[in-house]
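Below: one structure, written as C-alpha cells.
Excluded from the calculations below are hydrogen atoms, water molecules and symmetry mates; all remaining heavy atoms, backbone and side chain alike, are included.
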Amino acid sequence: MSAMWQGCLADTDYFELRSSGGYDYGVWVTTPPGYDPATTPAPAVYVLDGNWAVGMTAPLIVTQLDPMQQIQPYIQVSVGYAGEEAQHWARLRNRDLVPPGEPIAQEFIDAVEKGFQAGAMTREEADAYLAELSDTHADTFLSFLTAELHPRIERDYGTAASGHGLYGYSYGGLFSLYTWLSGSTLFESVGAGSPGVVSTDSQVFAQLEEMGDSQRAARLHVTFNVRELLGDLAVYQSVTKNTATLLHRLTSRSGAVTSAILDETHVTGLQASFLSYLRTCRAR
C-alpha cells in the first residue's frame, strides 16, 4: 500500500483474489498495533462491503489499546470488489450477500424506483441493481470466505486457531444472519447490523424453522436504528420490524443472541453498529 494510504489506514495491506467461481475480490487486511503472529496470533474478523466499510471500520482497530474498554486482539479482513468491478460494488453485493431464493419485496423495488426518480441512479443502474437480486448466491460467497479466503489469511498472517468473527451491515447483515443460521463453524461471533430482512418471507425465517430447537455455538449480535423505524421510508420500516420479529423468536430460546437499538439512520449506522459488535462480542 502507498505511503499516503498507510497514513489513512495504518498497518493495512491490500491484495486481490480471484474466487474459484471467477469473481475478483479486493481484500484489505488490518493488523493489530504491534502485531507479532509468532508470539500472539490473533483471530480474524471478516467485514463485508469493504469498498464502503473499510474506511469507517478498520480505524477502530485502535480499540484494542483503549484503556477504558479494551477489545480482544483481532485482524480485520475487509472484503470488497476489485478492478473495474469495484465501481459497481453496490449492486454486486446483492449477488453475494443475499440468500438463494430471497424474495424481492415491493418496498425494496419502490425504494430503488424512488432513487431513480430522485436522480440518485440512472434507469440502467436501477435495472442492473434489481437484476442482481434475481439470481443470488450467499451460499457460494460463504464458501469463498471459509474455504478460499480464510486459508490464505491463516497462512499469510499467522492467525489464531479460533475466535474468528464476521460482521456485515444492511445486506451484509442479512448475510451474517444467513451464515449464523446455517451453522457455519468458522465464526465464533457474528455481527448483523440493520440486516436487510425486507420481506416477511425472507429465507432467514425458513432457516429459523429448519433450525428447530437446536442451538448455535456462535454468538450473534444484532443492531438496528431507531430512525429507520420512525422514518418515512417503508423499506427501512420493514427491515426493523422484520428484524425485531426474528430477534423475538431467537432471544426467547437462545442466550447467545444479543441486540442493541442505535440512534442512527441506515446510512450513518455502520460504524456505530460495528463498534457495538466489538464491545458486545469481543471485549476483554
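Side chain of Tyr35 to main chain of Tyr157: a donor-acceptor pair is present (N/O by atom type, distance under 3.5 Å, no hydrogens or angles). Thr268 places no side-chain N or O within donor-acceptor distance of the main-chain N or O of Glu264, the cut-off being under 3.5 Å. With hydrogens and angles ignored, the 3.5 Å screen pairs a side-chain donor or acceptor of Glu125 with a backbone N or O of Thr122. Without hydrogens or angle criteria, Glu209 side chain to Ala206 main chain gives no donor-acceptor distance under 3.5 Å. Arg227 places no side-chain N or O within donor-acceptor distance of the main-chain N or O of His266, the cut-off being under 3.5 Å. Side chain of Thr63 to main chain of Asp66: no donor-acceptor pair is present (N/O by atom type, distance under 3.5 Å, no hydrogens or angles). For Ser199 (side chain) and Ala105 (main-chain N/O), no donor-acceptor pair under 3.5 Å exists by modelled atom type. A donor-acceptor pair is defined here as one N or O able to donate and one able to accept, closer than 3.5 Å; no such pair exists between the side chain of Thr243 and the backbone of Thr240. Remark: the backbone N or O of Leu270 is not paired with any side-chain donor or acceptor of Ser273 at under 3.5 angstrom. With hydrogens and angles ignored, the 3.5 Å screen pairs no side-chain donor or acceptor of Ser170 with any backbone N or O of Gly172.
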Kindly determine whether Arg219 and Thr258 satisfy side chain to side chain donor-acceptor pair (under 3.5 Å), including the steps that lead there.
CA-CA 8 Å; Arg219 296 187 64 180; Thr258 54; 4.6 Å; no
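For the residue pair Tyr236/Thr265, the side-chain donor-acceptor check at 3.5 Å is not satisfied. At a cut-off of 3.5 Å, with distance as the only test, a side-chain donor of His150 or Tyr46 sits close to an acceptor on the other residue. Counting only N and O atoms by type, the side chains of Gln117 and Glu113 include a donor and acceptor under 3.5 Å apart. Arg284 and Gln70 share a donor-acceptor pair across their side chains, judged by distance under 3.5 Å alone. Between Ser202 and Glu102, the side chains place a donor N or O and an acceptor N or O closer than 3.5 Å (distance only, hydrogens not considered). For the 3.5 Å distance criterion, the side chains of Gln76 and Thr57 qualify, holding a donor opposite an acceptor. In this structure, a donor-acceptor pair under 3.5 Å is absent between the side chains of Tyr167 and Asp49. One side chain, Glu148 or Ser20, offers a donor N or O that lies under 3.5 Å from an acceptor on the other. Judged by distance alone, the side chains of Ser194 and Asn225 do bring a donor and an acceptor atom under 3.5 Å apart. A side-chain donor from one of His221 and Ser276 sits under 3.5 Å from a side-chain acceptor of the other.
Taking the ring centroids of Trp89 and Tyr81, they lie at or beyond the 6.0 Å cut-off. Remark: aromatic rings of Phe141 and Phe175 are close, center separation under 6.0 Å. Taking the six-membered ring for Trp and the full ring otherwise, the centers of Phe187 and His164 sit at least 6.0 Å from each other.
The side-chain heavy atoms of Leu246 and Leu208, taken from C-beta on, include a pair separated by under 4.5 Å. The side-chain heavy atoms of Leu97 and Leu48, taken from C-beta on, include a pair separated by under 4.5 Å. Residues Leu177 and Val222 have side chains in contact (heavy-atom distance under 4.5 Å, counting atoms from C-beta outward). Side-chain contact between Leu92 and Tyr23 is absent, with no heavy-atom pair separated by less than 4.5 Å.
The nearest pair of heavy atoms linking Ser162 to Pro43 is O-CB, 3.3 Å.
Listed by chain and residue number, Phe205, Arg249 satisfy the side-chain contact (heavy atoms from CB on, under 4.5 Å) test with Thr245 (two or more places apart in sequence, or in another chain).
Taking a cutoff of 4.0 Å between a charged side-chain nitrogen and a carboxylate oxygen, Glu132 and Arg95 do not qualify as a salt bridge. Between Arg123 and Asp127, at least one side-chain N (NZ, or NE/NH1/NH2) sits under 4.0 Å from a carboxylate O, which counts as a salt bridge.
Between Trp28 and Tyr14, the ring planes are tilted. Angles from 30° to 60° get that label.
Atom-to-atom distance recorded for Met211:CE and Leu250:CG is 6.5 Å, nearest 0.5 angstrom. Taking CG of Leu181 as the start and OG of Ser214 as the end, the distance is 9.5 Å to the nearest 0.5 Å. Atom CG of Asp11 sits about 7.5 Å away from atom CD1 of Ile61, to the nearest 0.5 Å.
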